[in-house]
Amino acid sequence: MSSRISSVIRGVLAAALLSVPATVVNAADLIAPGPYVAAQPDSFCARNGYLRSIERRFGIQAREVHHRPELSIVAISDIRENRYEPAMVKPMGIDRLYCKATAAMSDGHTRTLW
């Protein structure tokens with residue numbers, strides 16, 4: 001009996017998933033974003049340690065995965081807090097803060113950072 005119920009549930013879920021149109025979804029889009037708020041200098045989004053980490057990790061990715069060691073982030077600007085989601089279950093829950101910024105690249109392009 002339980003296998004029959006689980007088969008029905010799987011069928012319903014599969015039908016529901018197949019009826020959803022395929023679109024590109026970013027992690028920050030999973031819940032409707034709030035208004036963009038310019039990050040304050042003491043904000044988590046604008047902390048120098050986080051920004052340096054993003055630049056360093058991007059450099060590793062460009063060098064080791066894409067084989068473009070000359071490509072780097074020159075500057076990060078327009079840093080904004082997109083959405084804050086408090087943890088639902090304490091103490092095991094995790095607070096989430098979504099940030100958006102613009103990266104000026106060494107090749108002259110600008111890219112959006114999430």
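Atom set for the values below is all heavy atoms of this structure, side chains included, hydrogens, waters and symmetry mates excluded.
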Mind checking the CD-CG spacing from Q61 to L71? Nearest 0.5 Å is all I need.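 Taking CD in Q61 and CG in L71, the distance rounds to 10.5 Å.
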From CG (N48) to CD (E55), nearest 0.5 Å: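 One gets 9.0 Å once the value is rounded to the nearest 0.5 Å.
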Minimum heavy-atom separation for [X] and [Y], please, with both atom names.
X	Y	value
T110	A104	CG2-CA, 4.4 Å
V74	M105	CG2-C, 3.7 Å
Y50	F44	CD1-O, 2.8 Å
A103	I73	CB-CG2, 4.1 Å

Can you pull the salt bridge (Lys or Arg N to Asp or Glu O under 4.0 Å) pairs that have at least one residue in residues 56-67, sequence neighbours excluded?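 Passing the test, one end in residues 56-67: no pairs.
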Does a salt bridge link R83 with E81, judged by any charged N lying under 4.0 Å from a carboxylate O?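 So R83 does not pair with E81 through a salt bridge.
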Atom CD1 of I94: over 12 foreign heavy atoms under 6.0 Å: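 12 or below, so no.
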Using the rule given for side-chain contact (heavy atoms from CB on, under 4.5 Å), can you reason through T102 versus I76, listing the C-alpha separation, both sets of side-chain angles and the distance that settles it, and then say yes or no? CA-CA 6 Å; T102 301; I76 298 176; over 6 Å; no
Do I54 and R52 come close enough that some side-chain heavy atom pair is under 4.5 Å?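 Counting from C-beta outward, I54 and R52 never come under 4.5 Å.
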If you apply the rule side-chain contact (heavy atoms from CB on, under 4.5 Å), what do you find for I60 with V65, and how did you get there? CA-CA 8 Å; I60 293 169; V65 176; over 6 Å; no
Yes or no on side-chain contact (heavy atoms from CB on, under 4.5 Å) for L113 and K100, after CA distance, side-chain angles and deciding distance? CA-CA 6 Å; L113 293 177; K100 179 184 178 184; over 6 Å; no
I'd like to know if the side chain of D95 reaches the main chain of A87, judged simply by a donor and an acceptor atom lying under 3.5 Å from each other, with no hydrogens or angles considered.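 Judged by distance alone, yes, a pair lies under 3.5 Å.
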Just by modelled atom types, is the S72 backbone N or O under 3.5 Å from a matching donor or acceptor in the S106 side chain?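 Yes, because the side chain of S106 sits within donor-acceptor range (under 3.5 Å) of the backbone of S72.
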After noting the C-alpha distance and the side-chain angles of C45 and L97, does the key distance pass the side-chain contact (heavy atoms from CB on, under 4.5 Å) rule? CA-CA 8 Å; C45 294; L97 176 64; 3.8 Å; yes
